[in-house]
Trainee: 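Attaching a single structure in structure tokens format; questions to follow.
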There are 2 protein chains.
Amino acid sequence: MISHTEENYLKAMFGFMDEQGEITVNELSKHLSIKMPTVNGMMKRLSEKGLVHYESYKPLKLTEEGKKLAALVIRKHRLTEMYLVEKMGFGWEEVHIIAEQIEHIQSPEFFDKMDELLGYPQHDPHGSPIPDKGGKIKSRKLVRLAECAPEDTVILAAIADSSEELLKFLNHRNLKLGTELTVESIESFDKSMVIKTSTDKSQVLSNLVTEKLLMEKE
Amino acid sequence: MISHTEENYLKAMFGFMDEQGEITVNELSKHLSIKMPTVNGMMKRLSEKGLVHYESYKPLKLTEEGKKLAALVIRKHRLTEMYLVEKMGFGWEEVHIIAEQIEHIQSPEFFDKMDELLGYPQHDPHGSPIPDKGGKIKSRKLVRLAECAPEDTVILAAIADSSEELLKFLNHRNLKLGTELTVESIESFDKSMVIKTSTDKSQVLSNLVTEKLLMEKE
DNA sequence: TATATTTGTTAGTTCAAACAAACTTATTAC
DNA sequence: GTAATAAGTTTGTTTGAACTAACAAATATA
Ligand SMILES: [Mn+2]
Ligand SMILES: [Mn+2]
Ligand SMILES: [Mn+2]
Ligand SMILES: [Mn+2]
């Protein structure tokens, strides 16, 4: 069996690993706010369990089984978020903290039921893909709004960081998933952007924000 | 803060204490399937935290604060069971094990939302009362079916033990909360009972079962 | 009342999961 | 190419939550 704590480590590794699927002890330590010796020790344990490839002084990698388990935790997390928003009426900015706990519930039936009641959703309330029961993730090719050029018309498809503050800011600006917008201009010195949606007046977004908005191009 | 484990101890103490509100280390140990020295140690810890009155070789008692906390865990448990049955479509025999885990979620908003969506229910799916947000429990005066006499007409109001097996048996016999039934006769040597509901044929229930069915008299 | 049994407690051990201090290896700067 | 810095590891502690073995107190039994 896998503990609550181990699930959190796997999830973090999966979520923060680089393109080669690697992450260092140091990075993981920072993301989890857990000191390096503790992380190092846990990596040895997970390696014993066949979930992590561990070699001294080398970056860490998840094994295939580790990846699958991580994806299944992420599945539980995202299904929960979707359920809380769609069926219980929570705001998208409220659900992440609750899902951090519920993702550790050991009851396949519970999550299967959520999935069924939601009609087998593909994405969570922040636009992130929900892995299937086999741990497979369908990923879309999205572009950061920061990378778009003036005149581009794109659709808000996902938020790269689901912190309460950013999501509340987006509520305030009336920017939701599915909102179509056009880039009107970009201020070169600070990369702030003027954008326009069909329903609202033009508005300025700082680069800090545009870096976090993931857009779908047509 | 109170840990997952401590919540389980408080809940068990509250649920199994006698009329004077007392329970021995030994009894608690048996109910939790945790060895006596472990229970004894935990009682000292809870006493440090002001949740238990602990005196060597004397039976244990919850403090007022301990009682309130225990009732709030029970509230989370029962609200969850009700939610799983009413809003997610689980059977009443499936929900106890899931609620054992969800009762430890730390998020008042989550349980408040359940409560609201359910319309502030008074009882869980097994007929047990749901404590209010202040930890107060409204208890009804119910009688075990085993105590009823021939000719008595009573309503099934609660199940004393929500084990999966008993609940599945009741499903099979078409006995639900709210079912009205009349005692037709009692076999004196084994106390088995013949009962009759309005919808079904007469059926025999063993004393093992009638001891677990809590009835409302008119 | 004396003995046996049950119940409760203490002491010491284990394991998971965290930490700090000290040390080693790798990387970067000069 | 050496010195300084960063990253990774080892060792030893701490705390929570479990255990066993041994002992003490309370209760039941003869
Ligand atoms: Mn999330
Ligand atoms: Mn978590
Ligand atoms: Mn229950
Ligand atoms: Mn529990």
Trainee: Rounded to whole Å, please give me the gap between CD1 in A/I34 and C1' in C/dA18.
Mentor: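 That distance rounds to 8 Å.
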Trainee: Mind listing the residues from residues 1-17 of chain A sitting with a heavy atom below 4.0 Å of DNA chain D? Number order is fine.
Mentor: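 Per residue number, the list is empty: none.
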Trainee: With a 6.0 Å cut-off on the ring centroids, do A/H126 and A/H96 count as close?
Mentor: no
Trainee: May I ask you to say whether A/K133 pairs ionically with A/D112, meaning some side-chain N is under 4.0 Å from a carboxylate O?
Mentor: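 Counted as a salt bridge, because a side-chain N and a carboxylate O are separated by less than 4.0 Å.
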Trainee: Thinking salt bridges, do A/E164 and A/K168 make one under a 4.0 Å N-O criterion?
Mentor: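 Salt bridge present between A/E164 and A/K168.
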Trainee: Salt-bridged, A/D115 to A/R75, with N to O below 4.0 Å?
Mentor: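 The answer is yes: the pair qualifies as a salt bridge.
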Trainee: Can you tell whether the side chains of A/R45 and A/E48 come within less than 4.0 Å, N to carboxylate O?
Mentor: no
Trainee: Produce a footprint string for nucleotides 3-14 of chain D: one letter per nucleotide, 5' end first; B if the base is under 4.0 Å from any protein heavy atom, S if only the sugar-phosphate is, - if neither.
Mentor: ----SBBB----
Trainee: Give a yes or no on whether a salt bridge exists between B/K49 and B/E6, defined as a side-chain N under 4.0 angstrom from a carboxylate O.
Mentor: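 So B/K49 pairs with B/E6 through a salt bridge.
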Trainee: Check this for me: does any side-chain nitrogen of one of A/E7 and A/K76 sit under 4.0 Å from a carboxylate oxygen of the other?
Mentor: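 Yes, charged N to carboxylate O under 4.0 Å.
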Trainee: Do the side chains of A/E22 and A/K58 get close enough for a salt bridge, i.e. N-O under 4.0 angstrom?
Mentor: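 The answer is no: the pair does not qualify as a salt bridge.
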Trainee: Measure from CD on A/E48 to C1' on C/dC15 and round the result to the nearest Å.
Mentor: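 Roughly 15 Å, once rounded to whole Å.
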Trainee: Roughly, in whole Å, what's the span from CG in B/L46 to C1' in D/dG16?
Mentor: 12 Å
Trainee: Mind calculating the distance between NZ (B/K35) and C1' (C/dT7) to the nearest angstrom?
Mentor: 15 Å
Trainee: Just N and O in the side chain of B/T38: are any of them under 4.0 Å from OP1 or OP2 of D/dC19?
Mentor: yes
Trainee: Check the phosphate of C/dA17 against A/R45, side-chain N and O only, distance under 4.0 Å to OP1 or OP2. Yes or no?
Mentor: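 Indeed, a polar side-chain atom of A/R45 lies that close.
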